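Okay, so here's the structure we're looking at.
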Amino acid sequence: MHELSIAQSILNTVLQEKTSRQLPHILKIVVHIGALSDVVPDALKFGFDAIKQDTALAETELHIEIIPVSGHCKACGNDFDVQNFVFTCPHCQSGQIQMVRGDELHIAYLEVEETPSTGTDSS
Amino acid sequence: MTAQVKLEKKVLSENDRLAADIRQQLKQYGVVALNFVSSPGSGKTSLLERTLSALKDELNIGLIAGDVQTENDANRLRQAGGRMVQPLVTGGACHLDAKMITRVLPEFDLRRLDLLIIENVGNLVCPSSYDLGEDMKVVLISTTEGDDKPLKYPGMFRRSSVMVINKIDLLGTSDFDLERVKANARQINADLKIFEVSCRTGEGLESWYEWLRSLVGNNHQK
Ligand SMILES: Nc1nc2c(ncn2[C@@H]2O[C@H](COP(=O)(O)OP(=O)(O)OP(=O)(O)O)[C@@H](O)[C@H]2O)c(=O)[nH]1
Ligand SMILES: [Mg+2]
Ligand SMILES: [Zn+2]
């Protein structure tokens with residue numbers, strides 16, 4: 001259950017960003033979790049919701065996007081989706097595969113209430 | 001109205017920063033570092049006991065023994081001849097992180113070390129996300145576990161450079177299939193270096209020692 005420590009890192013990072021960038025109310029934190037990152041999404045969300053109480057992010061939703069694993073074959077250059085964690089090139093059968101995505105544990109972006117002075121990109 | 005604020009920040013950037021500092025320090029003093037991971041009871045401490053008995057007069061080995069509650073493993077390693085052993089009790093945490101290593105590293109005289117081995121907490125999931133500044137992760141699996149373990153914990157087997165299959169003295173007492181576990185592991189990580197050993201009988205350990213010697217030897221030549 002290291003999801004609680006991961007949740008704590010997310011909370012601390014976003015609180016810091018909120019202060020340093022003087023962000024308005026944060027509605028949503030979008031995190032990218034690679035399918036091979038060994039983080040259980042439900043446990044992470046549960047942990048985050050438990051520790052956000054009594055902080056400036058008490059109303060903030062943690063939104064998790066799972067990033068599937070993809071690889072690049074070092075032998076033939078083929079880029080492909082890695083199915084069921086089988087790191088074998090479907091084109092040339094090589095096992096020399098560089099993982100391109102699926103390993104990430106990133107805070108991708110925040111969704112904030114728009115005010116004219118924040119200098120953010122509108123969406 | 002809402003707006004998006006881009007962050008693109010690694011969640012564990014603080015851990016990664018500390019790990020990079022540790023790696024830099026170890027490199028400066030020419031110390032090779034290994035991070036031992038496995039399920040509880042696969043034989044991490046047993047393999048370290050064997051390794052110490054065999055190599056303690058040849059290599060200067062420092063050990064960090066991670067444990068959730070006790071210092072038992074550290075005591076076992078001292079009894080096996082370990083002269084530089086640091087217990088690291090996590091007090092409940094299911095993994096070691098770089099901050100904990102930063103805390104105990106000053107206890108070692110790095111100039112005198114050839115090899116630093118960190119025994120992580122017995123757990124194949126949580127330690128996987130935390131870089132400790134090691135050169136390689138060594139994952140242990142024992143023949144009393146399922147041979148599908150690599151498929152169940154692909155993250156750890158993908159991030160490890162070496163797999164040690166322990167307790168081969170017990171082969172044949174269950175349906176654990178040596179060839180199958182190797183195939184399962186190689187499907188996730190074709191580059192895995194694999195050892196088959198028994199810490200009970202000593203079988204297969206000589207090639208493990210030989211590999212450690214060459215690891216340290218190559219590092220000293222750099
Ligand atoms: N039969 C057999 N038993 C072994 C072997 N290696 C270790 N054991 C036994 O397996 C048990 C667990 O070994 P440890 O070395 O404590 O395992 P560990 O991975 O350090 O365990 P944790 O630190 O609790 O995660 C002990 O009772 C050992 O005696 C082996 O090669 N063969
Ligand atoms: Mg142990
Ligand atoms: Zn290919």
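Just so we're on the same page: letters track the sequence lines, and every chain starts at 1. Since the model is a prediction, treat every value here as computed from it, not as a measurement.
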Open item on the list: Quick check: do B:Met1 and A:Glu113 have side-chain heavy atoms less than 4.5 Å from each other?
Closed with: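 A side-chain contact is absent here, since even the closest heavy-atom pair is not under 4.5 Å.
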
Open item on the list: Within the 4.5 Å heavy-atom criterion, are B:Asp191 and A:Gln96 side-chain neighbours or not?
Closed with: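 Side-chain contact under 4.5 Å: yes.
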
Open item on the list: Strictly by ring pair (Phe, Tyr, Trp, His ring centres under 6.0 Å), give each pair with a member in residues 115-134 of chain B just once, sequence neighbours left out.
Closed with: B:His95-B:Tyr130

Task: Best-contacting candidate, A:Ser94, A:Ala108, A:Ser9, against chain B by heavy atom pairs under 4.5 angstrom - done: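 Sorted descending by pairs with chain B, the first entry is A:Ala108.
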
Quick check for you: to the nearest 0.5 Å, what is the distance between [X] atom [atom1] and [Y] atom [atom2]?
X        : Y        : atom1 : atom2 : value
B:Ser13  : A:Leu105 : OG    : CG    : 10.0 Å
A:Ile26  : B:Thr2   : CD1   : OG1   : 13.0 Å
A:Arg21  : B:Leu7   : CZ    : CG    : 5.5 Å
B:Gln4   : A:Lys28  : CD    : NZ    : 9.0 Å
B:Ser129 : A:Asp103 : OG    : CG    : 9.0 Å
A:Leu4   : B:Cys126 : CG    : SG    : 11.0 Å

Open item on the list: I'd like to know if A:Glu17 and B:Lys9 make a salt bridge, using a cut-off of under 4.0 Å between side-chain N and carboxylate O.
Closed with: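 So A:Glu17 pairs with B:Lys9 through a salt bridge.
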
Open item on the list: For a quick test of reading the model, state the closest non-hydrogen atom pair linking A:Gly95 to B:Ala190 and the distance between them.
Closed with: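 Answer, listing the atom of A:Gly95 first, then B:Ala190: O-CB, 3.5 Å.
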
TODO: Quick one: closest heavy-atom pair of B:Val125 and A:Asp38, and the distance?
DONE: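 Looking at all heavy atoms of both residues, the closest pair is CG1-O, 3.7 Å.
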
Task: Side chains of B:Gln187 and A:Asn84, donor plus acceptor under 3.5 Å - done: no

TODO: Can you check whether anything in residues 155-162 of chain B gets within less than 4.5 Å of chain A, heavy-atom wise, and list it by number?
DONE: B:Gly155, B:Met156, B:Arg158, B:Arg159

